[in-house]
Amino acid sequence: MAAPSSAQVQRIFDQIAPIYDPLNDWLSLGQHRIWKQMTVNWSGAQPGDRVLDLCCGSGDLTQMLARQVGPTGWVTGLDFSAAQLANAQRRVAGKGIARRITWQLGDAVALPYPDLSFDAITMGYGLRNVVNIPQALREIHRVLKPGARAAILDFCHSDHAGVQQVQRFFLNQLVVPLATRFGCESEYAYIEASIERFPLGREQESLAQAAGFAQTTYYLTALGLMGVLVCQKASPPGTSDSPVGIGPGEISAN
Ligand SMILES: C/C(=C\Cc1cc(O)c2ccccc2c1O)CCC[C@H](C)CCC[C@H](C)CCCC(C)C
Ligand SMILES: C[S@@+](CC[C@H](N)C(=O)[O-])C[C@H]1O[C@@H](n2cnc3c(N)ncnc32)[C@H](O)[C@@H]1O
């Protein structure tokens with residue numbers, strides 16, 4: 001199956017916007033929120049930072065970032081689906097964190113920001129859906145400040161047969177049948193094919209390094225069903241670039 005165009009991807013997410021959040025909660029038994037919080041932790045976002053949540057959709061990670069940067073920080077959530085952004089804005093309406101969030105309709109492959117704009121970037125289940133992954137990684141590198149990180153969560157395209165079988169079982173026996181009940185069979189059937197086209201973890205690291213990142217690590221989570229690519233931009237000359245450990249907040253050198 002050929003990869004969809006950008007317009008087709010946009011239509012998918014506009015179409016599923018009304019059921020996107022409840023299906024994520026039901027189908028992952030709420031676990032997706034844990035994977036997203038780990039991604040925010042791995043981004044290195046700190047209180048007072050100016051951060052970006054790319055492909056923000058309905059704003060789960062955007063909200064988590066807003067809590068992480070606190071009242072002196074600022075978060076931008078960018079997405080090209082107007083329906084998803086409308087959901088995102090509705091979900092924070094009336095919450096204190098809404099004051100520190102800007103919602104931006106835009107394309108991840110042509111970010112409307114100057115170079116060196118952000119202290120951290122997250123991307124949750126977006127990279128696999130962007131039609132030009134190398135360009136998106138170049139844009140992320142461009143708008144990050146020196147020494148800053150991007151943490152990119154998505155399904156893992158595993159080369160382990162057992163993981164592939166479990167992933168296909170969940171998608172074909174649970175996800176698509178439930179989505180079909182809501183008239184969204186084709187939109188959710190797209191997930192399996194998109195995972196098969198998605199680069200392996202080590203290939204994502206190579207793409208990130210080709211985009212200019214000095215250090216990359218690919219972490220597996222959810223029993224290998226999901227993965228988080230953590231990329232760090234080179235620090236300014238003369239500053240230490242040697243993170244130690246691989247726990248949240250630290251990434252290994254490559
Ligand atoms: C938040 C999650 C997926 C977001 C998501 C990403 C996409 O690219 C889509 C494309 C088209 C339609 C919908 C989406 C979409 O929702 C991950 C959790 C939700 C998943 C739909 C459920 C995946 C189930 C896992 C394969 C197994 C979960 C095991 C868990 C330990 C119970
Ligand atoms: C699976 S949703 C993820 C939403 C949210 N980050 C989350 O974790 O729930 C993928 C999102 O990426 C957006 N997207 C895909 N390609 C994009 C692009 N080129 N520019 C901006 N947004 C894009 C879609 O509109 C959709 O809202």
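- With Q46 contributing its side chain and G44 its backbone, the two residues share a donor-acceptor pair below 3.5 Å.
- Between the OG1 atom in T39 and the NE2 atom in H32 there is a gap of 12.0 Å [rounded to 0.5 Å].
- Side-chain atoms of R142 come within 3.5 Å of backbone atoms of Y113 as a donor-acceptor pair (strictly under, hydrogens ignored).
- Both Y125 and F13 are part of a single hydrophobic cluster, where members link through side-chain heavy atoms under 4.5 Å apart.
- Proximity of S235 to P146: side-chain heavy atoms (C-beta onward) are nowhere separated by under 4.5 Å.
- With 3.5 Å as the limit, one finds a donor-acceptor pair spanning the side chains of N129 and Y190.
- Between atom CE of residue M64 and atom CD1 of residue I97 there is a gap of 10.0 Å, rounded to the nearest 0.5 Å.
- Between R202 and D159, at least one side-chain N (NZ, or NE/NH1/NH2) sits under 4.0 Å from a carboxylate O, which counts as a salt bridge.
- Expressed to the nearest 0.5 Å, how far CD1 of I16 lies from CZ of F182 amounts to 12.5 Å.
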Task: salt bridge (charged side-chain N to carboxylate O under 4.0 Å, His left out) assessment of R128 paired with E196 - done: CA-CA 10 Å; R128 176 176 40 86; E196 287 170 7; over 6 Å; no
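- Looking at heavy atoms from C-beta onward, I19 lies in side-chain contact with Y188 at the 4.5 angstrom threshold.
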Task: Derivation of the side-chain contact (heavy atoms from CB on, under 4.5 Å) call for I133 and L127 - done: CA-CA 6 Å; I133 291 176; L127 192 65; 3.8 Å; yes
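- Both L178 and F155 are part of a single hydrophobic cluster, where members link through side-chain heavy atoms under 4.5 Å apart.
- Using a distance-only test at 3.5 Å, with no hydrogens or angles considered, a donor-acceptor pair links the side chain of R91 to the main chain of S58.
- Side-chain atoms of N172 never come within 3.5 Å of backbone atoms of F169 as a donor-acceptor pair (strictly under, hydrogens ignored).
- Evaluation of the side-chain contact (heavy atoms from CB on, under 4.5 Å) rule for C56 yields D53, T62, D79, L85, W103 as partners, not counting sequence neighbours.
- Defined by atom type and a distance below 3.5 Å, a donor-acceptor pair is present between the side-chain atoms of R138 and Q135.
- Of the possible polar contacts, one joining the Q204 side chain to the P199 backbone as a donor-acceptor pair under 3.5 Å is found.
- The CZ atom of F198 sits 13.0 Å away from the CD1 atom of I191 when rounded to the nearest 0.5 Å.
- D14 places a side-chain N or O within 3.5 Å of a backbone atom of A83 that can act as its donor or acceptor partner.
- Rounded to the nearest 0.5 Å, atoms CD (E205) and CG (L229) are 6.5 Å apart.
- Side chain to side chain, N41 and Q37 meet the donor-acceptor criterion of an N or O pair below 3.5 Å.
- Side-chain contact of K233 with Q215: a donor-acceptor pair under 3.5 Å is absent, judged by distance alone.
- Looking only at distances, a side-chain donor or acceptor of E139 sits under 3.5 Å from a matching main-chain atom of L111.
- Side-chain atoms of Q164 come within 3.5 Å of backbone N or O of S158 as a donor-acceptor pair.
- For the side-chain contact (heavy atoms from CB on, under 4.5 Å) with I121, the lone residue among L65, L78, V143, T76 that qualifies is V143.
- A side-chain donor-acceptor contact under 3.5 Å links E203 to the backbone of L200.
- Taking the side chain as every heavy atom from C-beta outward, E192 and V176 never approach each other to under 4.5 Å.
- In summary, R50 and D119 do not engage in a salt bridge, as defined by a charged side-chain N under 4.0 Å from a carboxylate O.
- One N or O on the side chain of Q232 and one on the backbone of G147 form a donor-acceptor pair closer than 3.5 Å.
- Side-chain contact of S43 with R149: a donor-acceptor pair under 3.5 Å is absent, judged by distance alone.
- When hydrophobic clusters are built by joining Ile, Leu, Val, Met, Phe, Trp and Tyr residues whose side-chain heavy atoms come closer than 4.5 Å, directly or via intermediates, L220 is not grouped with V228.
- In this structure, OG on S194 lies 8.5 Å from CG on L171, to the nearest 0.5 angstrom.
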